[in-house]
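The block underneath contains the structure these notes are about, expressed in structure tokens.
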Amino acid sequence: MTRSPHRKVEGIDHRISPEEIKHSGWKAIFRDDENAQESLVVEIGFGRGEFLVDLARRNSNKAHIGIDISWKRVAKMARRLALCPVRNLRLIEGNAKEAVEYMLDDGSVETFWINFPDPWPKRRHSRRRLIKRDFLDVLVTKLIPEGTLEVATDHPAYAKWINARLQGTQGLQNLFKPYPYLSNVPGRHLTAYEEIWRSKGRTPYFWRYKKVSL
Ligand SMILES: C[S@@+](CC[C@H](N)C(=O)[O-])C[C@H]1O[C@@H](n2cnc3c(N)ncnc32)[C@H](O)[C@@H]1O
């Protein structure tokens with residue numbers, strides 16, 4: 001699954017390949033930052049990356065990996081990080097559906113963030129959605145015991161779909177119970193998409209689930 005990163009970056013390149021993580025393990029990737037060895041946080045589909053940078057800066061004791069399928073977004077973020085490095089952050093260019101399963105050890109991720117994944121609103125495109133039963137099963141396997149999965153969308157039909165699949169996934173427990181989801185999560189920072197949707201009056205949906213033993 002090797003894909004050499006598109007476009008050269010002048011300075012410290014925060015991009016790594018899935019192979020490097022697979023073969024060295026995340027702790028070795030972050031060995032130069034001894035403060036960031038506590039746990040691993042992964043954002044899937046980081047887009048412009050402002051949420052991820054903020055997360056990494058506020059949690060210097062944790063290692064962060066962002067995965068995005070768009071080489072343009074990854075390259076843009078890598079150029080920004082080269083100018084303003086964040087030691088506890090690395091980027092992967094690739095399809096998270098493949099990368100997560102391939103490169104991460106089971107029971108190794110403290111938190112997965114999936115913010116505003118593409119909703120693929122047309123029925124015939126719904127199979128392209130990221131949140132599906134088999135991918136959720138993979139995420140559960142990769143989480144540490146009591147690790148968390150954070151999901152957000154602004155799209156009502158996708159929200160219904162996501163809610164049903166999260167509720168139907170074995171080994172996950174809703175931390176917002178008795179509510180299925182929240183529209184505001186205190187302390188949560190806005191992502192670029194959330195800012196746009198909120199300015200248009202759309203209400204987001206947020207889920208927080210914990211991995212529990214069966
Ligand atoms: C709607 S944008 C949301 C971006 C960001 N999370 C936000 O809230 O501002 C969806 C992002 O997910 C990325 N993406 C879509 N499918 C993906 C996949 N299978 N693996 C990794 N990233 C993916 C897209 O390239 C895009 O950056």
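Remember, it's 1-based here, ligands and their atoms both numbered in the order they're listed. Residue numbers start at 1 and run along the sequence shown. What you see is a predicted model; the values in this text were computed from it and never measured.
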Taking only heavy atoms of [X], which atoms of ligand 1 are found under 4.0 Å from at least one of them?
X	value
Asn115	3 (C), 5 (C), 6 (N), 8 (O)
Gly94	20 (N), 21 (C)
Ser70	25 (O)
Phe46	5 (C)

* Of the choices Leu130, Ile67, Val100, Thr191, which has the non-hydrogen atom that lies closest to atom 8 (O) of ligand 1? ->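 Among Leu130, Ile67, Val100, Thr191, the closest heavy atom to atom 8 (O) of ligand 1 comes from Thr191.
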* Heavy-atom distance to atom 16 (N) of ligand 1: which of Ile69, Asp68, Asp154 wins? ->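 Result: the heavy atom closest to atom 16 (N) of ligand 1 is in Ile69.
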Around [atom], find the nearest protein heavy atom and jot down its residue, atom name and distance.
atom	answer
atom 10 (C) of ligand 1	Asp118 OD1, 3.5 Å
atom 2 (S) of ligand 1	Tyr193 CE1, 3.4 Å
atom 3 (C) of ligand 1	Phe116 O, 3.3 Å
atom 20 (N) of ligand 1	Ala96 N, 2.9 Å
atom 11 (C) of ligand 1	Gly45 O, 3.8 Å
atom 19 (N) of ligand 1	Asn95 OD1, 2.8 Å

* **Residue portion contacting ligand 1 (non-hydrogen atoms closer than 4.0 Å) for Phe51** => neither
Give a yes or no on whether a salt bridge exists between [X] and [Y], defined as a side-chain N under 4.0 angstrom from a carboxylate O.
X	Y	result
Asp137	Arg133	no
Glu38	Lys62	no
Arg188	Glu194	yes
Asp32	Arg87	no

* Does the side chain of Arg73 come within less than 4.5 Å of Glu93's, by heavy atoms? ->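 Side-chain contact under 4.5 Å: no.
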* Taking the side chain as every heavy atom from C-beta outward, state whether Val42 and Trp113 have any pair of such atoms under 4.5 Å apart. =>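 No, too far: nothing below the 4.5 Å cut-off.
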* Asked: With a 3.5 Å cut-off and no angle check, do the side chains of Gln167 and Asn174 form a donor-acceptor pair?
  -> no
* To do: Check the pair Thr111, Thr148 against side chain to side chain donor-acceptor pair (under 3.5 Å), reporting the backbone distance first and the verdict last.
  => CA-CA 5 Å; Thr111 308; Thr148 51; 3.2 Å; yes
* Parallel, tilted or perpendicular: which fits the ring planes of Trp207 and Tyr205, with parallel below 30° and perpendicular above 60°? ->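 If you compare the ring of Trp207 with that of Tyr205, the planes turn out parallel.
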* Asked: Could a heavy atom of Arg73 be found less than 4.0 Å from some atom of ligand 1?
  -> yes
* Asked: Does Ala152 come within less than 4.0 Å of ligand 1, judged by its heavy atoms?
  -> no
* Show your working on salt bridge (Lys or Arg N to Asp or Glu O under 4.0 Å) between Asp13 and Arg15 and close with a plain yes or no. => CA-CA 5 Å; Asp13 195 342; Arg15 295 171 300 178; 2.9 Å; yes
